[in-house]
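Written below as structure tokens is the structure these notes are about.
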Amino acid sequence: MVRVRFAPSPTGYLHLGGARTALFSWLWARSQGGRFVLRIEDTDRARHDEASAEAILESLRWLGLDWDEGPEVGGDFGPYFQSERRDIYRLFAEKLVARGVAYRCYATPEELKAARDAHTASGSKAPFKYPGLWRDRTDWPDNQPYAIRLKVDARGQTGWNDLVKGRIDIPNQTQQDFILLRSDGLPLYNFGCVVDDLSMKIDVVARGDDHVINTPPQLLIYEALGQEPPRFAHLPMILSPNGEKLSKRHAAVSVLEYRDAGYLPEAVLNYLARLGWSHGDQEIFSKEELVRLFSWESVGTSAARYDAKKFLHVQATHLRQQSPERLAELVRDALSSDAAIDTRWLEDGTLDKAIATAISRAATVPEVVDTIRYALLPKPVLDASAGAKFLTEAACALLADFATLLEGLPTWESSALEAATQDWLAARDLSMKALAQPARVALTGQSKNAGLFEILDVLGLARSRERLRAAGSALPSGDEGVSS
RNA sequence: GUCCCCAUCGUCUAGAGGCCCAGGACACCGGCUUUUCACGCCGGGUACGCGGGUUCAAAUCCCGCUGGGGACGCCA
């Protein structure tokens, strides 16, 4: 059974790049009927905190990337926090020392810094490498802290067949006797990673491109341990719109920000999947399709740039594909903290009708709320400039007459209502335009919204009449808080 | 500086030697629809970085160059 892991370090929120790595890993596990393992890499205590770990779990939960083993759910290969696995790392490291492929290094960070500085001062162009101070020594001092380093043979090269990039070989000359275990007993990234992947029986490791350089040292560790390495999949980076490393300056990078902005998790998944992965000309995918169609072969090799407009388009498309029930649920949730609305309109069908009219002009849930809110308030919030432009004295008089027409109609059925209105307009030699805009503003407070007859249908006769007549008397208003 | 990765429209990409004087999507520009704004529909422009090979044939294979990105920690 395939075992794939996602191993974030809790240094902050889960960003887009991490989310995509998690997604691809999850997709592979699910498509293979395998296990998706979540491990928290929190060995660098200085930079880590609980809140970050929780934010990452929350992000994954929201995205629907459920894990079979890891924090909260446990599993047979725990613990799933590196900070709780110190004994395991120590054990592996000492085993390597005993076997003679790794050694204790008593050099202090200060000594090493001095050596590094000297190297820099010498003007040498070669990168600094640990000079092998303790490589062959066994005169270990008592009670001194020591790090454990791997003995690396500088000859030859180390390589692997990457699942997305193909064959990669890196000369061992570029390696050095790197540290496995720090003097404080905590493992360095490469070592902790290998020990955990090994003891958690992971067989596919997917991670960002920036880890390509970590792979040779890890391979060397597997070799020293006498173990088979897993397969690696290095995903190209997600860059900012101008090609730099994606950061907060360029976009919302935390997935939770998209949740809060009213994006749908499936839309985030879809957009992320299409950044670097493709399936012919198809752009829109459900989560199930992604699982069915995903493969490493169709993951691209070059970096992709983040494009907010395309993301929004994908989001809008997914929003429009939601069932009326789900949509209503999402809108209700968004409305739950809105004290101004009259909850009676939530239950009598008004909400559902209103949502149906809003869906073509909204890309996110908050945008749906913006366009239908008029129908849930006792009276509309008037947009000042729309009011000034359309609610002229003449227009208000017309609206009052229109209200009278509506009151006299035998039916509230939209097509009949429209026919009657057309006749009424024709008799006065007026265009639809002359009525629609003032009416829209009177009814919704906004100059941009659904079609007039849709709005009338949403509001019903009583509320429509009231608003049309109020336009003449109470306006221009502003006491509700004028939005522009 | 050293090592590694990458290279098709503005952006995401399709393309695994002839189907490609390069297809789709977003964006952009026109138009239609029209009661505003959208949605929708129709149409348009724009790309294989450069130079060498290999081949009857190259966006596709090879080499070089250029350009971009990444990594060079007792960080992850």
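First the proteins, then the strands, lettered A, B, ... as listed; each starts at 1.
Electrostatic pairing of K353(A) and D457(A) counts as a salt bridge here, judged by a charged N lying under 4.0 Å from a carboxylate O. For E283(A) and K310(A), the salt-bridge test passes: some basic side-chain N is under 4.0 Å from an acidic carboxylate O. Under a 4.0 Å N-O distance rule, the pair D401(A)/R428(A) qualifies as a salt bridge. A salt bridge is absent between D307(A) and R305(A): the closest approach of a Lys/Arg side-chain nitrogen to an acidic carboxylate oxygen does not fall below 4.0 angstrom.
A distance of about 28 Å separates the P atoms of rA22(B) and rC63(B), rounded to the whole Å. Comparing the C1' positions of rA27(B) and rG45(B) gives an interatomic distance of 13 Å, to the nearest angstrom. Of the C1' atoms belonging to rC3(B) and rU46(B), the separation is 37 Å, rounded to the nearest Å. For rA14(B) and rU54(B), the C1' atoms lie 26 Å apart once the distance is rounded to whole Å. Rounded to a whole angstrom, the distance from the P atom of rC26(B) to that of rG40(B) is 8 Å. Rounded to whole Å, the separation between the P atoms of rG10(B) and rG53(B) comes to 29 Å. Taking the C1' atom of each, rA38(B) and rC5(B) are spaced 43 Å apart, rounded to whole Å. Straight-line distance between the C1' atoms of rG24(B) and rC65(B): roughly 33 Å, to the nearest whole Å.
F128(A) has its CZ atom 12 Å from the C1' atom of rC74(B), to the nearest Å. Computed from coordinates, the H211(A) NE2 to rC72(B) P distance equals 10 Å when rounded to whole Å. If you take OH of Y189(A) and P of rA76(B), they are 9 Å apart, rounded to a whole angstrom. Between the NE2 atom of H318(A) and the P atom of rC26(B) there is a distance of 13 Å, given to the nearest Å. Between Q144(A) atom CD and rC74(B) atom P the separation is 19 Å, expressed in whole Å. Rounded to an integer number of Å, the gap from H119(A) NE2 to rG1(B) C1' is 10 Å. Following rounding to the nearest Å, E244(A) (CD) and rG70(B) (C1') show an atom-to-atom distance of 14 Å. Atom CZ in R39(A) sits roughly 12 Å away from atom P in rA76(B) (whole-Å rounding).
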Heavy-atom contacts, protein to nucleotides 28-45 of chain B, under 4.0 Å, summarised as B (base), S (sugar-phosphate only) or - (none) per nt, yield -------BBBBS------
The contact string for nucleotides 11-24 of chain B, one letter per nucleotide 5' to 3', using protein heavy atoms under 4.0 Å with B, S and - for base, sugar-phosphate only and none, comes out as SBSS--------BB
Its contact letters, B for base, S for sugar-phosphate only and - for none at protein heavy atoms under 4.0 Å, make nucleotides 58-67 of chain B read ----------
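One donor-acceptor pair, N or O on each side, does fall under 3.5 Å between the base of rC74(B) and the side chain of S183(A). One donor-acceptor pair, N or O on each side, does fall under 3.5 Å between the base of rA76(B) and the side chain of N214(A).
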- Task: I would like to know whether M200(A) and Y80(A) meet side chain to side chain contact (heavy atoms under 4.5 Å, CB included); could you show each step before the answer?
- Result: CA-CA 9 Å; M200(A) 292 179 182; Y80(A) 293 91; 3.8 Å; yes
**Request:** Under the side chain to side chain contact (heavy atoms under 4.5 Å, CB included) rule, what do L435(A) and L430(A) come out as? Steps first, then yes or no, please.
**Result:** CA-CA 8 Å; L435(A) 170 68; L430(A) 284 172; over 6 Å; no
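Using modelled atom types, one finds no donor on one side chain facing an acceptor on the other under 3.5 Å when comparing S25(A) with R20(A). In summary, the side chains of S83(A) and D42(A) do present a donor paired with an acceptor at a separation below 3.5 Å, with no hydrogens or angles considered.
Looking at heavy-atom distances under 4.0 Å, L435(A) makes no contact with the nucleic acid at all. When heavy atoms are screened at a 4.0 angstrom cut-off, L188(A) is found touching the sugar-phosphate backbone but no base atom.
Within the 6.0 Å centre-distance limit, the rings of Y263(A) and F311(A) are counted as a close aromatic pair. For F178(A) and Y130(A), the gap between ring centers reaches or exceeds 6.0 Å.
Of the nucleotides present, none pairs with rA57(B) by Watson-Crick or G-U wobble criteria with both distances under 3.5 Å. If you check rG10(B) for Watson-Crick or wobble pairing at under 3.5 angstrom, you find it paired to rC26(B). Look at rC19(B): it lacks any Watson-Crick or wobble partner with both distances under 3.5 angstrom. Judged by Watson-Crick or G-U wobble contacts below 3.5 Å, the nucleotide rU36(B) has no partner. The partner of rA71(B) is rU2(B), by the rule that a Watson-Crick or G-U pair needs both atom distances under 3.5 Å. Within the shown strands, nothing qualifies as a pairing partner of rU46(B) under the Watson-Crick or G-U definition with both distances less than 3.5 Å.
The phosphate of rG70(B) has neither OP1 nor OP2 within less than 4.0 Å of any side-chain N or O from K165(A).
Ring orientation note: the planes of F128(A) and H119(A) are nearly perpendicular, at an angle over 60° on the 30°/60° scale. Aromatic ring orientation, H279(A) versus W277(A): parallel (interplanar angle below 30°, classes split at 30° and 60°). Ring orientation note: the planes of Y306(A) and Y258(A) are tilted relative to one another, at an angle of 30° to 60°.
For I213(A), taking side-chain heavy atoms from C-beta onward, the closest of the listed nucleotides rG70(B), rC74(B), rA76(B) is rG70(B). Nearest to the side-chain atoms of T301(A) among the listed nucleotides rG70(B), rA7(B), rA76(B) stands rA7(B).
Under a cut-off of 6.0 angstrom, the local environment of CD in E84(A) is crowded, with over 12 non-hydrogen atoms contributed by other residues, nucleotides or ligands.
Nearer to the 5' terminus of RNA chain B, by closest-nucleotide assignment, is the contact made by P127(A) (compared with the other of P127(A) and E41(A)).
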